[in-house]
Structures are given as C-alpha cells and as structure tokens.
A.B. asks: 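My questions will all concern the structure given below.
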There are 2 protein chains.
Amino acid sequence: MATIKDVALKAGVSMATVSKYLNGGNVRQAHKEKIRSAIEELQYRVNPFARGLKAQRSPYIGVLLPEIDVPFYGNVVSALEKVLREDGFHCIMSSYSSDHGLERDHLQFLLSSGIEGLVYIPEHLTAEEFYELTSRYRIPTVLVDRMIQGVDADCVLVNNAEAVQEAMERLIKKGHKRIAFVAGPQPMFTAKERMVGYFRSLSDHGILYDEALLVNQPTTFATGYQSAQKFMNLPNPPTAIVATNYDMTLGLISGLRDMELHIPEDVQVFGFDSIELRTVLRTPLPIVHQPEEEIGKTAAKYLLDRLRGFAGEGRITRLNCTVYPKADA
Amino acid sequence: MATIKDVALKAGVSMATVSKYLNGGNVRQAHKEKIRSAIEELQYRVNPFARGLKAQRSPYIGVLLPEIDVPFYGNVVSALEKVLREDGFHCIMSSYSSDHGLERDHLQFLLSSGIEGLVYIPEHLTAEEFYELTSRYRIPTVLVDRMIQGVDADCVLVNNAEAVQEAMERLIKKGHKRIAFVAGPQPMFTAKERMVGYFRSLSDHGILYDEALLVNQPTTFATGYQSAQKFMNLPNPPTAIVATNYDMTLGLISGLRDMELHIPEDVQVFGFDSIELRTVLRTPLPIVHQPEEEIGKTAAKYLLDRLRGFAGEGRITRLNCTVYPKADA
DNA sequence: AAAGAAAGGCGAATCGTTTCACTTTTATCC
DNA sequence: GGATAAAAGTGAAACGATTCGCCTTTCTTT
C-alpha cells in the first residue's frame, strides 16, 4: 500500500509538501499537478490510523441508540448518516437494547474508540454518569429525541406534549370523553412529555383523569397488545385510545383485532410514527408523525457546526410533528 | 490521556510488558496485578489509532447496505451488530440509496477507512467492479441477502424461490389461478430468485403465465400502490397478488384500500417481511417471513471465523423462510 | 533594482502502540 | 546441583502521517 513517502518520491517533492497538499495548505500549482497524478498512479489513500494518531482527528462519528430496528430511529439515522457522509464522516453505530448497563458500556466503548463526535439517543443515563464518562474526552455531542436533565449539549427534540394535545383535541372534538393512553415507562423522557400533553388536554376539557386508562410500559408491540385487552375489558371501556409509538400502535391494533373489535366503530385509535401504516387499514388511521428526516438532518448540522469550531451553550431545537389527517375534515 | 508509558512507569515494568499484558502474552502473575491496577488508576485505554497503525488491526467492521431504513435490513443489522460487538468490534454503517455510483464510492470509502471486515448487501456491482475495488485490501467479506455472480466470498441468503413457491402453493390450493406478482427490478438478485419461484409454481400447476400479472419495479411503497391499480383495472383481474417485500406489501394493501377493495373477499394478498403487520388487518395477512435475526447472526459468525483466520472457499448458506400462517389451516 | 513580504518547501521530531531480537529469570529433569 | 528448556522481561525500531521552525523562492512595491 502506497504511503505519503512514495507519493513524495514520485512527485519529486518532500513528504511535508504532500501533506500540505492533502490538507489544503499552500502548494505551487505545478507541484499540485504532480502530486495529484502521483496519488492517482499509486492509488494512494491516507492511512486513517496514522492521521488519527498524529493529528488527533478521525472520520468517525459515534451513534448510540436504544435499538437499531425501531423504524423511527432507523429513519433518523438514515438521514443523519447521509449528511455526515457528505462531509467525509463515517457513522459507528451502537445499540444498547434499552439496557442501562449496556448504555454505559457502549458509550464508553464508543468514546474510547476515537470518535470525533457523538449522536446520542439516551434512555437511562443521568447527567452525572454522562459527564463522568465523557468529560475526559471533550467530544461534541448532540442528544436526539430525548434530553438529559442537567447536560449542556445540543439537543434535537419534537414538540411531544403539543402533538399529543392536538391528537387529543381531535378526539375530543369528535365527542370522545373516555380516552385511554398507552405510553412508555415513566422515566422515559418522551413518555413523560407525551403524558404531559395527555393530562393537559384532559384538564383543559374538564375531563377527569382515570388511572385505569393509562398504561406505562415498555414501548413494545406486547404492551400495545395487552393494553387493548386491559382497556376493552374494563366495565367502562374507553371510546378512543392513543398509542405513543409505532410498536405500541401496531400491538394495539393487533390486540383489538384479536378481540374482534372494529376501528373506529367500537373504539377509535390514534397512532404514532408510521406514516405508511396509516393507509392500510379500512379506515385511515389518524396518526402523529414525527419529522424523522428533519430530526436527523438537524442533528447532523448541529454536530458539524461543533466540529467546525462552533462553541457556546447547548442549543435546543423542538421540531413540529404533523398530525394526520392534515386538515380536520 | 494516559499512555502505555505511564502505565509501565506506574507498574514498574517496561512498555513491552504492558503491551504483552494487553495482548495476552506471558506475564508473571504479580506483574499482571500491578499492571491491572495501574491501568485502573490511570484510566488507561488503548489508543486505537496507534494500535491500528502499528498492528494493522482495528475494531471496525464495515457494513454497506442499500438503505438503513428498510425494516428487513434494520433487523439484520441489529442482530449482526450485537454479535460483533461482543467480540469487541464496531460497525461502521454506510448506505448507498440503491445508487450504483454511491455503492461504489461508499465501498471505496469504507475500504480506505481501515475496516477489518465487510458485511455487504450488494445491488449493482459486478464481480469485476467488486474485485477492482477490494483486491488491494484483502478484507474478509460476507455478502448478505444477495450474491454477486463470480465473487468468491461467504454468502448468507434465504431460499427465495422455495418460499415464494410455498406461498403460491397455498394460494393455488385455495383455488386461485390468476395470481399476480409484484417483484423488484429484474437485475436485482432477490427479485430474480423470487420470480423463479413464481414461474416454477405456475408451470408446476399448468397455469399459463400472463405478463400483465407481473410487475418489476423498484421495491417501494409506490410500486405496490400502483400495482394494485394496474392489476385490478385489468379486464380480467387476478384473484390473488403476491408482493415480495415489506414496502411493496404495504403499498399494495394501501392501493387496494383506496380502490375500496377488500382483502380477502375481492382479492387475496400474500405479503412479505413484516411479521408484525400480519395481525393488524381484519383478516390476518398470510406472509413470507425471512429469518432476519438468524441472517444477521450467521453473517457475523462467518465474518468472525474469517477474522480468526479461517481460510477456504466461500461458504454459501441458505436459510429458510417461514410462511405464515404456519400450519395450513 | 533593491527591500520586504508572502508563499512555498523541507528535515526531523513526534503521536502511542507493537514486535523483533535478545537477555535474564524461573522451572524441569536426571 | 548443573544443564537445558521454557517463561518473562526489555530496549529500540518501526508503522505513516502531521507539524514546527527554518530556509528558499517568488511576488510586490517603490
């Protein structure tokens, strides 16, 4: 494999000059040509390890998330990766299966593996734990989808409470008063925010909160499925149910189907996240859609800003969800 | 940041000994203890760049795929990543948007970024292009989901033709004779294989092939959606339609719904890939399910074998799909 | 045309490991 | 206990880039 030395030799200049050429320093036009063609001929590529060692700089961005195979994250990461790649960065992906221990371990693992920046969807880590791990590295970080209270970093979120409120608004306007809510576990950032929207809507419309109509469980298909049974077997079942992520929506619909209940006649469902799912049911499913692509792009932009030297307080962006159907027909 | 020198100093041994310790050489028990505690105290971590430079070895595995946000790939990668991580590897993920040029560029990009191994879901690259790019690097490669004709590498596939045949079998047994087929573009490996299954079933049952009942288009929601219209507007529409990936299945169902057609009364649908989708419709959707987790695990295992020195011809594994409902009721 | 400034070029040190070629210590065996 | 073998330890030379400080060339300006 050709080294910078080979290129220098073939181009008739010093290694230092080739290095300058590679890194955009001042090089005479004639020499540029020679170096370019030497590189071409030798098929020279910068050795990322040598560069990383000497220059403390790498093309790697760490991406740490709870699960790779959740469509929402997949879509966010897809957009993220495309933007970062255009700036010559590679994404090192790591998922921690929503496990606290793994979350810490993989964060450590990523940090110690030479990343330049970090995109992080956190779940369990506290500010103390986060700082304990990251402080020695001084790596620019963007938190996505969730915040960590007390961490000063760029942060890309959506307006969870407002989106849920809009969904609730639609249901209430249609006459629903008993509305159930399927949310993630209490400590989860998005679960909390979405619950705020739920409670706020109830109180805005003078509806009494019934704890039988709230589920806080892992954001899985099973949770949605079981919620269907739990709610619909109540003596006084809800007339509408809001599910707050994709898997729970799917599970909920599946559970209702297995109880031979119809949507929307027997119970209305408000879903979350999968815009494609919306149109496969007999009656189009109303849904809260998060701007996944925009989330990914924004996160990438924030990170690139920092990598280019932007300093300053952590910036927090709230992107708006879209509620479908768009116009309230 | 502490270096091996600091550790050596604090432990009272030479750098070489520390290095041996780190890499599992012979070190006296007493020294092991000292080194361990020195590392602990100094919070020493191996510098991956220095190691990569000197030892020509890195913890990075390249993963190159058409799209990150296709659930099938997401599930495969998720399993893959978990296995590789347990062996201390990081996945560098790159998607090429099903674009030929990007496919080549990103492969190059990954290769030149110091990866130890490659997991690759190819689409457009020929054997010549593949070898032209990879030959200088000698990096173990596992092809997943698709083969490249003429490339000698480990390969993890599913029994596409047989799975489709089984789906067709079920439909035919139920009395269907006009069965439409929504497949990916002709050159695509899986599309070709699945079509083989389709044609074989037709001929096995003496059903004449009608080209109006075959679609070869990009594997997208739109393709599925348009196929619904195309097929059902025929003077002699099919009584069943098989869609051969997740997005096309979803699009197909959505298209049928918008034509106010019912499944299965007006037309039966056989779906592909999303096991969760199966149970949300009024009538459970029959579906071909690929063993995504097993695919990922197998690919990881193959790659680890190679990284541990296994040599020999490329091994090809065909995993079996499951057709739901499981027992033919 | 001379002086000063700017641009371009170079040698050598350096980043933090691993590994080679030895030397020294410990263990084994008759 | 001495010879021999095996285990453990070491110094120093790489790996392939970047960068600092200094020197040379070229350009600008009067």
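Below, read A as the first sequence line, B as the second, and so on, with proteins coming before strands; counting in each chain starts at 1.
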A.B. asks: Per the ring-ring contact (aromatic ring centres under 6.0 Å, His included) rule, what does the pair list look like for residues 31-51 of chain B, sequence neighbours excluded?
C.D. replies: none
A.B. asks: Reading DNA chain C in the 5' to 3' direction, which nucleotide is the first one with an atom under 4.0 Å from a heavy atom of chain B, and which is the last?
C.D. replies: C:dG16 to C:dT26
A.B. asks: For residues 54-87 of chain A, pull every pair meeting ring-ring contact (aromatic ring centres under 6.0 Å, His included), keeping only residues two or more places apart or in separate chains.
C.D. replies: A:Tyr60-B:Tyr60
A.B. asks: Who pairs with B:Asp87 by side-chain contact (heavy atoms from CB on, under 4.5 Å), at least two apart in sequence or on another chain?
C.D. replies: B:Phe89, B:Leu304, B:Arg308
A.B. asks: Specify the residues of residues 30-39 of chain A, ordered by number, for which at least one heavy atom lies under 4.0 angstrom from an atom of DNA chain C.
C.D. replies: A:His31
A.B. asks: Which pairs pass ring-ring contact (aromatic ring centres under 6.0 Å, His included) with one or both residues in residues 93-113 of chain A, sequence neighbours excluded?
C.D. replies: A:His100-A:His124, A:Phe109-B:His90
A.B. asks: Quick one: salt bridge (charged side-chain N to carboxylate O under 4.0 Å, His left out) partners of B:Glu67, sequence neighbours excluded?
C.D. replies: A:Lys82
A.B. asks: B:Lys54: what forms a salt bridge (charged side-chain N to carboxylate O under 4.0 Å, His left out) with it, not counting sequence neighbours?
C.D. replies: none
A.B. asks: Measure all distances between protein nitrogen or oxygen atoms and nitrogen or oxygen atoms of nucleotides 11-18 of chain D, and list the pairs falling under 3.5 Å.
C.D. replies:
from   : atom 1 : to      : atom 2 : distance (Å)
D:dA14 : N3     : B:Lys54 : NZ     : 3.0
D:dA17 : OP1    : A:Tyr44 : OH     : 2.8
D:dA17 : OP1    : A:Asn47 : N      : 3.1
D:dA17 : OP2    : A:Ile4  : N      : 2.4
D:dA17 : O5'    : A:Tyr44 : OH     : 3.4
D:dT18 : OP1    : A:Asn23 : OD1    : 3.4
D:dT18 : OP1    : A:Asn23 : ND2    : 3.1
D:dT18 : OP1    : A:Arg51 : NE     : 2.8
D:dT18 : OP1    : A:Arg51 : NH2    : 3.0
D:dT18 : OP2    : A:Ser19 : OG     : 2.7
D:dT18 : OP2    : A:Asn23 : ND2    : 3.3

A.B. asks: For B:Arg138, give me all partners under salt bridge (charged side-chain N to carboxylate O under 4.0 Å, His left out), at least two apart in sequence or on another chain.
C.D. replies: none
A.B. asks: Got a sec, which pairs hit salt bridge (Lys or Arg N to Asp or Glu O under 4.0 Å) with one end in residues 11-34 of chain A, sequence neighbours left out?
C.D. replies: none
A.B. asks: With sequence neighbours excluded, what pairs up with A:Asp154 under the salt bridge (charged side-chain N to carboxylate O under 4.0 Å, His left out) test?
C.D. replies: A:Arg306, A:Arg315
A.B. asks: Between B:Glu123 and B:Arg146, does at least one N-O distance fall below 4.0 Å, as a salt bridge requires?
C.D. replies: yes
A.B. asks: Would you say B:Arg28 reaches D:dA7's phosphate, i.e. side-chain N/O to OP1/OP2 under 4.0 Å?
C.D. replies: no
A.B. asks: Rounded to the nearest Å, what distance is computed from the CG atom of residue B:Asn26 to the P atom of nucleotide D:dT10?
C.D. replies: 14 Å
